[in-house]
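Just so it is clear, the values below take in all heavy atoms, side chains as well, and ignore hydrogens, waters and symmetry mates. Here is how names work: the chains are called A, B, and so on, in the same order as the sequence lines, proteins then strands, and each is numbered from 1.
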Amino acid sequence: MIDLKYIRSNPEQVRQAIRNKNEKADLDALLELDETRRKLQFDFDNLKAEQNKVSQTIAQKKKNGEDASELLQEMGTVAERLKAINAELSAANTQLDALLLTIPNLPHPGVPVGRDETANKQVKTWGEPPAFDFEPADHLALADKNQLLDLTRGAKISGSGFPIYTGFGARLERAVINFMLELHQQRHGYAELAVPVLVNRRTMTGTGQLPKLEADMYRVDEDDLFLIPTAEVPMTNIYADEVLTLAQLPLKYVAYTPCFRREAGSYGKDTKGLQRLHQFNKVEMVRFVEPATSYAVLEEMLQDAEDILQALGLHYRVVELCTGDLSFASAKTYDIEVWAPGARKYLEVSSVSNFEDFQARRANIRYRDKEGKVAFLHTLNGSGVATPRLMIALWETYQTAGLGLRLPSVLEPFLNQAVPGPDGVSGLATNS
RNA sequence: GGAGAGUUGCCGGAGCGGUUGAACGGGACGGUCUCGAAAACCGUUGUAUCCUCACGGGUACCCAGGGUUCGAAUCCCUGACUCUCCGCCA
């Protein structure tokens, strides 16, 4: 959430930011509620001070064996008034907290202003789209021929958007996940975590998925738990309500988890094959850093994610999201879009974001700074990367004539077999 | 699922319903001493919020939420979590 004091003193700036983000939030109601709340708090504090003082006098009198009945009676009415004010106060607080949770994070000043993804800014490209001397097939045809997927039976047992990876497809999925985890650990210095995929409401609120996105998540009603849409949620909330020491920072974590998204309202949009799923696998990076360093770290994380695609030899581009395309909690986000030659388009495989102190405030994650003062730290996360669209790009990029498959040789150790790679390494990658 | 015990400050650990923001010990930090260090001694050691230009002061917080009371860390209820034992189970 945003600092209430900041909202109070910069209401117009916040209003503009909400507009630029295409969000709706009742700022006026919030400001008004803040006003009444503060007034109630003031009254409460003063009355309570009186009560505390008189209570001590009563104690003193009783000790001396004096009569305190007059004071006791007087305090009876004070206690009643206090109770009444307190009821109003806690009601106001509850409402205010709820409203505050609906205010999105402010975009970083450098973020391009725009309504939707058409205003996103391409930052860079890497590599070239591969050239083919035949018409490249799409991932579904390749999956079909090489028996990598069984979407029909996935739909039977769970529903559409729940793919079954079969045979070599399943092994490749596992190999790619391990490849990414190892690279982030060994080359980029992230510590690996294995985290719960069911989390409670508080956790979902901490990273900003709730209250806005409740309809987009799978929920286990009986226990009020949610299936995570991304490992960002459990990982970022690990230090909720804690004060970290300066020496602990920066913290770098990487985790693989399955991710679950209802994708409500997105039917028919890019839903072919593996493009948009209800369950998918993702390797996620999360960092906890000192505020002054967070934007440098954002660039670093972007590079960490890019390294995956570079190691796999996949052409991609990086775009900076405009204000209207930024997520609720993000201040600045880069998307990495990998080229899919069969689909003939770029597919988003990673999103790298700086949340500044927005999530830290919600989850109450703090650190002790150089002066020994307790302050909110900054959180960032980035996919490194999500597998389904990576698979699409891999298969389509490394296909050979007649729906054959090659693979980059960096995956060999993780597959425990030689693959017919782009660099001419021998071996067979059949579905056996 | 059943039975019991517990949850206090950076840590350990006290705490009769009435100067308890919280004894005592440890740690950390500052100081004295020392050429320096150790030891010893002295001191400091919370978060949030409100009032004030400031000095300073008020209020809340002893797992969470309710209740009893003039007054609750202390009594009562509900919940969460931890531990022990039993049952069930991958």
A.B. asks: What pairs of nitrogen or oxygen atoms, one from the protein and one from nucleotides 78-83 of chain B, lie under 3.5 Å apart?
C.D. replies:
none

A.B. asks: Which donor-acceptor pairs under 3.5 Å do the side chains of residues 50-60 of chain A make with protein atoms, sequence neighbours left out?
C.D. replies:
from, atom 1, to, atom 2, distance (Å)
A:Gln51, OE1, A:Lys48, NZ, 3.0
A:Ser55, OG, A:Gln51, O, 3.0
A:Thr57, OG1, A:Lys53, O, 3.1

A.B. asks: Could you write out each protein N or O paired with an N or O of nucleotides 64-69 of chain B at a distance under 3.5 Å?
C.D. replies:
from, atom 1, to, atom 2, distance (Å)
B:rU68, OP2, A:Lys83, NZ, 3.0

A.B. asks: Please list every donor-acceptor pair under 3.5 Å in which a side-chain atom of residues 103-116 of chain A meets a protein atom from a residue at least two apart or in another chain.
C.D. replies:
from, atom 1, to, atom 2, distance (Å)
A:Asn105, ND2, A:Ala329, O, 3.0
A:Asn105, ND2, A:Phe355, O, 3.3
A:His108, ND1, A:Gly110, N, 3.1
A:Arg115, NH1, A:Asn22, OD1, 3.3
A:Asp116, OD1, A:Thr118, N, 3.0
A:Asp116, OD1, A:Thr118, OG1, 2.4

A.B. asks: With salt bridge (charged side-chain N to carboxylate O under 4.0 Å, His left out) as the rule and sequence neighbours excluded, what pairs involving residues 328-337 of chain A come up?
C.D. replies: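 Residue pairs with at least one partner in residues 328-337 of chain A: A:Arg317-A:Glu337.
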A.B. asks: Show every salt bridge (charged side-chain N to carboxylate O under 4.0 Å, His left out) that has at least one partner inside residues 285-305 of chain A, sequence neighbours left out.
C.D. replies: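 Every pair satisfying salt bridge (charged side-chain N to carboxylate O under 4.0 Å, His left out) with a residue in residues 285-305 of chain A: A:Arg287-A:Glu300, A:Arg287-A:Asp304, A:Glu290-A:Lys370.
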A.B. asks: Could you identify which residues of residues 239-246 of chain A place a heavy atom less than 4.0 Å from some atom of RNA chain B, listed by residue number, or say none?
C.D. replies: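 Under 4.0 Å from RNA chain B: no residue of residues 239-246 of chain A.
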A.B. asks: Contact list please: residues 55-62 of chain A against RNA chain B, heavy atoms, distance less than 4.0 Å, in numerical order.
C.D. replies: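 Heavy-atom contacts with RNA chain B come from A:Ser55, A:Ile58, A:Ala59, A:Lys62.
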A.B. asks: Mind jotting down which residue pairs meet the ring-ring contact (aromatic ring centres under 6.0 Å, His included) criterion with at least one end in residues 232-254 of chain A? Sequence neighbours excluded, please.
C.D. replies: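 Non-adjacent pairs meeting ring-ring contact (aromatic ring centres under 6.0 Å, His included): A:Tyr239-A:Phe288.
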A.B. asks: With A:Lys63, which residues qualify under salt bridge (Lys or Arg N to Asp or Glu O under 4.0 Å), at least two apart?
C.D. replies: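 Scan of A:Lys63 (salt bridge (Lys or Arg N to Asp or Glu O under 4.0 Å), adjacent residues dropped) gives none.
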A.B. asks: Produce the list of close N/O pairs, under 3.5 Å, pairing protein atoms with atoms of nucleotides 42-48 of chain B; give distances to one decimal.
C.D. replies:
from, atom 1, to, atom 2, distance (Å)
B:rU47, O3', A:Arg366, NH1, 3.4

A.B. asks: Where along nucleotides 57-62 of chain B does protein come under 4.0 Å, by heavy atom, of base (B) or sugar-phosphate alone (S), with - for untouched nucleotides?
C.D. replies: -BSS--
